[in-house]
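By convention in this document, chain letters (A, B, ...) are assigned in the order of the sequence lines, proteins followed by strands, and residues within each chain are numbered from 1. From a predicted model like this one, the values you see are computed outputs, not experimental measurements. Heavy atoms only: backbone and side chains are in, while hydrogens, waters and symmetry mates are out.
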Amino acid sequence: MKKEALDIIQKSLEGLTATWRMDALPDIEMEVPKNEAMGDIASTVAMRLSKLLKKAPRKIAEEIMAEINKKLSAPAEEEGPCVFDKIEIAGPGFINFTFTKEFFLQELETLLRDGHSLLRTDMGKGQKIQVEFVSANPTGPLHIGHGRGAAVGNALCNILKAAGYDVQREFYINDAGLQVKLLGRSVHARYQQMLGNEVPFPEDGYHGDYVESVARELEKHSGTAYLNRSFDECGGSITEQAYRMMLESIASDMKDFGVLFDRWQSEKELHGQGKVEQALDALQAKGLLYEKDGAVWFRSSQFEDDKDRVVKKQDGEYTYFASDICYHKDKLDRGFDAIVDIWGADHHGYIPRIRSVLEAFDLPKDRFRVILIQMVTLLRHGVPVQMSKRAGTFITLREVIDEVGPDITKFIFLTRKADSHLDFDIDVAREQSAENPVFYIQYAFARISSLFRQANERRVFNTEHRQLLEKTDLTYLKEDEEISLIKKLLHYPMVFEGAALTCEPHRITYYLQELAGLFHAYYYRHKIITDDTGLTLARLSLCRGVKIVLEEGLGILGVSAPERM
RNA sequence: GCGCCCAUAGCUCAAUUGGAUAGAGUGCCUGACUACGGAUCAGGAGGUUGGGGGUUCGACUCCUCCUGGGCGCGCCA
């Protein structure tokens, strides 16, 4: 749909570049007008050229129109139905295209024949792209904020993959720092206390119930082996075990949430392999490190950052930033063409320094992108639940999944732009009612599935996909609702392209709600399975089209498409 | 104090990267089941896009100032 209009404009512009004395063609943007009366797709190219050509946009549009008419009146090279019903200039200089019904039916047929492959693109051209997300400290269970990051990251990876990128999903484990040690201390103290040795609890220790669970596990495995022994004596082993358990629980949470990673990268391992030093050496070789006040600094202010950053402290220890330098260099060394980091919004201050690192290692600016995930406020009985990881008062992702299910949870996380606050009302999410938009979409899918069951059971139609296609005459589709529904289906590739370009999965969420809405309205107003076999087959085919797109979209979001509910 | 993000219908949020008359859901009001799944559908009310100024053919979108919120600003991780 976009392609046809784009082609004709492009060809017309080619004929005009000489008279306009232009070297190159401008980017031609196409958009779907809000109002159906303004046609099916519109180009703003005349307005955009106005500044450049110093001419009124309408005048430019008229010149383009004249050229278009010339092309269209030329004898058609290919056979087939007429594509354009009308093309007209409107408003300040829009060129509006209205397609013929025959064209829409032909496009629907293509969708039915090619199915999902038509809904994907090759924008990425096989480029390797890495998406790092969740990357939680293994010092406690995942909370709801991690869940949002996981849902967005997962959907984004699905989008990029469908857009032709070679995607790698990675979880970075911050296991090298003091936080993990603090977990070990906390578990050590709880373990002692549990067995009657009243040691004080670490000042900044983790207070969550899970620390006691870990201590109990420890006792199950090792009995009283660590009792009455100081942290200095046995802390290493305890920390290691506690860390393993946390990591396993995180991995199983992700698995049950339906989010899988290709790779888990340990920070500690990077240190162990000497890669941190190597990364710093590489910066040194570029003359980007210097010593001051007994510490080693990175000249990040030469790039995007407002000041230089310490990478090696006075005491000789590396900073966390040094690990990050190393990690991002490692990503580049692994041959990725582009890198996406998904972080909590509270880390936004780190963007300039990481950007600096990647620039220092010669990654072009536009090949790195940070998606910020804004905070989630959990509401229970309409009241925000305060959360603190240290104090141990927080709702875990596990609890939410168990309570409302992974599909709904994921979907709700994807109903907002990533970078805006999200209220997660757990009572609404639990209600399996109309208030819950997931059901609205899934219900449309289940309804269509039910139609096909009905058709197979009650009638003699063979609705097996290929046979349905062969027997169907789509020209039976004449109702306004049917044409609107077809148009909506054909919008999907544009919505998808937009989502991929901007890395915004929520666009697909909104689209699916609109599509489901049109379907429900159509279904309510028109009977699908009627006594008229030709009409029934055509309508079932349209439903099949809706089903294909719903399935594709839900799949991208990581939400299931149930045949029955 | 400096920097980043946000402010849109009563509430929660969209708005095709600067496009035409700013849209959904929910809530409220009114209607539709002898129905292929009513977990649905139709209609109504609801707005000076926080405020002022600017940029241009055109601004919710970009610039600037103000107001009000969130988050950052460590040789912590």
Side-chain angles (χ1 to χ4, degrees), chain A residues 29-35 37-38 42 44 46-48 50-51 56-58 90-94 96 137 139 174 176-180 182 267 292-297 306-307 309-321 323-324 344-352 372 374-375 379 415-417 419-423 425 428 431-440 442-444 446-455 458-459 491 494-495 497-498 501-502 504 506-507 509-511 513-514 517 519-530 536 539-540 543 564-565:
Chain A
E29 285 172 31
M30 305 297 291
E31 58 190 38
V32 178
K34 290 174 197 169
N35 192 332
M38 296 164 180
T44 58
M47 278 114 79
R48 286 175 200 284
S50 143
K51 230 171 283 176
R58 266 197 97 97
F94 288 97
N96 294 340
N137 282 342
T139 55
N174 291 132
L178 292 169
Q179 301 303 319
V180 170
L182 193 57
E267 180 190 354
K292 194 182 88 180
D293 304 332
V296 180
W297 299 68
D306 52 356
K307 57 179 175 184
R309 305 288 170 180
V310 170
V311 294
K312 197 172 190 178
K313 299 185 271 182
Q314 276 183 334
D315 62 10
E317 295 279 314
Y318 293 113
T319 60
Y320 178 80
F321 180 48
S323 304
D324 265 351
D346 54 340
H347 288 77
H348 69 260
Y350 286 77
I351 297 175
L372 294 176
Q374 197 47 264
M375 292 229 299
L379 300 174
T415 52
R416 305 267 177 276
K417 223 176 346 190
D419 191 22
S420 59
H421 288 269
L422 171 67
D423 282 343
D425 190 321
V428 172
E431 248 178 77
Q432 309 213 339
S433 73
E435 272 191 279
N436 215 323
V438 196
F439 290 109
Y440 189 76
Q442 289 183 324
Y443 183 53
R447 238 181 186 176
I448 295 170
S449 306
S450 169
L451 282 172
F452 279 91
R453 284 194 295 271
Q454 290 284 338
R458 292 207 203 159
R459 312 275 171 157
H491 288 168
M494 285 182 270
V495 173
E497 191 187 354
L501 232 45
T502 55
E504 292 180 348
H506 76 277
R507 292 176 183 231
T509 313
Y510 279 90
Y511 169 84
Q513 293 186 61
E514 288 162 14
F519 171 73
H520 285 309
Y522 170 56
Y523 173 91
Y524 190 84
R525 202 167 283 178
H526 302 285
K527 203 155 175 156
I528 310 298
I529 300 172
T530 64
T536 301
R539 289 185 170 173
L540 280 172
C543 289
R564 286 189 167 91
M565 292 174 71

Next on the checklist: Heavy atoms only, 4.0 Å cut-off, all strands: where does A/E29 land among base, sugar-phosphate and nothing?
Outcome noted: sugar-phosphate
Next on the checklist: Given 3.5 Å as the limit, does a donor-acceptor pair link the side chain of A/N35 with the main chain of A/A37, or not?
Outcome noted: yes
Checklist entry - If the P atom of B/G38 is compared with that of B/C33, how far apart are they to the nearest Å? => result 13 Å
Checklist entry - Across all strands, who's sitting opposite B/C71 as a Watson-Crick or G-U wobble pair, both distances under 3.5 Å? => result B/G3
Pairwise N/O distances under 3.5 Å, protein to nucleotides 41-46 of chain B:
| unit_1 | atom_1 | unit_2 | atom_2 | d |
| --- | --- | --- | --- | --- |
| B/C41 | OP1 | A/Y440 | OH | 2.3 |

Next on the checklist: Tell me which nucleotide, if any, is Watson-Crick or G-U wobble paired with B/U55 when both distances must be under 3.5 Å.
Outcome noted: none
Checklist entry - What nucleotide among B/A20, B/C75, B/G18 has an atom nearest to a side-chain atom of A/Q314? => result B/C75
Checklist entry - Is there a Watson-Crick or G-U wobble partner for B/C41 with both distances under 3.5 Å, and if so, which one is it? => result B/G31
Checklist entry - Starting at the 5' end of RNA chain B, which residue's closest nucleotide do you reach first, A/T44 or A/Y522? => result A/T44
Checklist entry - If we take the P atom in both B/A22 and B/U16, what is their distance in whole Å? => result 14 Å
Checklist entry - In terms of the angle between their ring planes, are A/H526 and A/Y522 parallel, tilted or perpendicular, with boundaries placed at 30° and 60°? => result tilted
Checklist outcome for this item: Closest of B/A20, B/C5, B/A15 to the A/E504 side chain is B/A15
Checklist entry - Using purine N1 to pyrimidine N3 plus N6-O4 or O6-N4 for Watson-Crick, or N1-O2 and O6-N3 for G-U wobble, both under 3.5 Å, which nucleotide pairs with B/C36? => result none
Checklist entry - Picking from B/C75, B/C76, B/A15, which would you name as closest to the side chain of A/V310? => result B/C75
Item to check | Nucleotide nearest A/E31 when distance is taken to its side chain, options B/C75, B/U21, B/U16 | outcome: B/U16
Checklist entry - Whole-Å distance between B/U12 C1' and A/Q374 CD? => result 15 Å
Checklist entry - Counting side-chain heavy atoms from CB outward, which of B/C71, B/G37, B/C13 is closest to A/Y510? => result B/C13
Checklist entry - Is there a Watson-Crick or G-U wobble partner for B/A24 with both distances under 3.5 Å, and if so, which one is it? => result B/U12
Checklist outcome for this item: The ring-ring contact (aromatic ring centres under 6.0 Å, His included) partners of A/H520 (sequence neighbours excluded) come to A/Y440, A/Y443
Checklist entry - With rounding to whole Å, what would you report as the distance between B/G43 and B/C6 at their P atoms? => result 35 Å
Next on the checklist: Would you say A/S420 places a side-chain N or O within less than 4.0 Å of OP1 or OP2 belonging to B/A14?
Outcome noted: yes
Next on the checklist: Quick check: do A/V180 and A/N137 have side-chain heavy atoms less than 4.5 Å from each other?
Outcome noted: no
Checklist entry - Using a cut-off of 4.0 Å on non-hydrogen atoms, how would the nucleic acid contact of A/D425 be classed: base, sugar-phosphate, or nothing? => result nothing
Item to check | B/G44 and B/G23, which share atom name P, separated by this distance in whole Å | outcome: 14 Å
Checklist entry - Hey, is the side chain of A/H348 pairing donor to acceptor with the base of B/G3 inside 3.5 Å? => result yes
Checklist entry - What is the distance from NE2 of A/H491 to P of B/G23, rounded to the nearest Å? => result 16 Å
Item to check | B/C5 OP1/OP2 closer than 4.0 Å to side-chain N/O of A/K417 | outcome: no
Checklist entry - Once you round it to whole Å, what is the distance between C1' of B/A14 and CZ of A/R416? => result 9 Å
Checklist entry - Taking atom P of B/U26 as reference, at what distance in whole Å does atom CZ of A/F439 sit? => result 14 Å
Item to check | Any side-chain donor near an acceptor of the partner, A/Q179 and A/T139, under 3.5 Å | outcome: no
Checklist entry - Rounded to whole angstroms, how far apart are NZ on A/K292 and P on B/C75? => result 10 Å
Checklist entry - B/A42 and B/A35: how far apart are their C1' atoms, nearest whole angstrom? => result 16 Å
Checklist entry - Between the main-chain N or O of A/S450 and the side-chain N or O of A/R564, is there a donor-acceptor pair closer than 3.5 Å? => result no
Checklist entry - Contact class for A/R58 vs. all strands (heavy atom < 4.0 Å): base, sugar-phosphate, or nothing? => result nothing
Checklist entry - Is there aromatic stacking of A/Y443 against B/U40, centre distance under 5.5 Å, plane angle under 30°? => result no
Checklist outcome for this item: Whole-Å distance, A/Y511 OH to B/G23 C1', equals 17 Å
Checklist entry - Is any side-chain heavy atom of A/Y523 closer than 4.5 Å to a side-chain heavy atom of A/I448? => result no
Checklist entry - How would you list, by chain and number, every residue that makes a salt bridge (charged side-chain N to carboxylate O under 4.0 Å, His left out) with A/D306, sequence neighbours excluded? => result A/R309
Next on the checklist: Within the 4.5 Å heavy-atom criterion, are A/T44 and A/F94 side-chain neighbours or not?
Outcome noted: yes
Next on the checklist: Working to the nearest 0.5 angstrom, can you tell me the gap between A/E31 CD and A/N96 CG?
Outcome noted: 9.0 Å
Checklist entry - What is the nucleic acid contact for A/A90, judged by heavy atoms within less than 4.0 Å: base, sugar-phosphate only, or nothing? => result base
Next on the checklist: Could you tell me how far B/C4 sits from B/U40 if I compare only their C1' atoms? Round to whole Å.
Outcome noted: 45 Å
Checklist outcome for this item: Comparing A/W297 with A/K34, nearest RNA chain B nucleotide closer to 5' gives the residue A/K34
Checklist entry - Distance between the P atoms of B/C75 and B/U8, in whole angstroms? => result 37 Å
